[in-house]
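To start, the structure under review is shown below, and the notes come after it.
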Amino acid sequence: DIKEIERFLQPRKVEVELTTGDIIEIIGGPFKGEKGKVTRYDKVKRELTMEPTETPVPIPITVSVEFVKVLQKKAK
């Protein structure tokens with residue numbers, strides 16, 4: 001029945017609003033534990049690009065919003 005799977009077809013709502021410049025930590029996936037600054041955030045795709053702060057060469061990493069937590073919001 002469609003009612004049984006309907007909840008899986010609806011997109012999830014973003015619990016936390018992210019902005020460019022926020023400091024985040026990856027909490028899942030192959031880059032778990034990496035901390036960095038958000039350089040791009042795509043609400044439609046629900047993904048962000050961040051540059052790690054603890055590496056000598058900042059390489060952009062794109063991850064799903066599901067796998068991050070905000071450590072510090074960008075100062076206004």
Problem set entry | Closest approach of Tyr41 to Val65 (non-hydrogen atoms, all atoms of both residues) | CE1-CG2, 3.6 Å
Exercise. Does a donor on one side chain sit under 3.5 Å from an acceptor on the other, for Thr49 and Thr39?
Worked result: no
Problem set entry | Within-4.5 Å side-chain heavy-atom neighbours: Met50 and Ile24 | yes
Exercise. To the nearest 0.5 Å, what is the distance between CZ (Phe67) and CD1 (Ile26)?
Worked result: 10.0 Å
Exercise. Between CG of Leu48 and NZ of Lys43, what distance do you get to the nearest 0.5 Å?
Worked result: 13.5 Å
For this session: Measure the spacing between CG of Asp42 and OG of Ser64 and express it to the nearest 0.5 Å.
Result: 11.0 Å
Exercise. Quick one: salt bridge (charged side-chain N to carboxylate O under 4.0 Å, His left out) pairs with a partner in residues 29-38, sequence neighbours left out?
Worked result: none
Seminar exercise, completed: On a heavy-atom basis, the closest approach of Pro52 and Pro58 is O-CB, 4.1 Å
Exercise. With side chains defined as the heavy atoms from C-beta onward, is the minimum distance between Ile23 and Val70 less than 4.5 Å?
Worked result: no
For this session: Identify the heavy atoms of Val68 and Val63 that sit nearest to each other, and give their distance.
Result: CG1-CG2, 3.7 Å
Exercise. Hey, what do you get for CG (Leu18) to NZ (Lys69), rounding to the nearest 0.5 Å?
Worked result: 13.5 Å
Exercise. Side chain to side chain donor-acceptor pair (under 3.5 Å) with Thr19: which residues, sequence neighbours excluded?
Worked result: Asp22
Seminar exercise, completed: Taken in chain and number order and not counting sequence neighbours, the residues that satisfy salt bridge (charged side-chain N to carboxylate O under 4.0 Å, His left out) with Glu51 are none
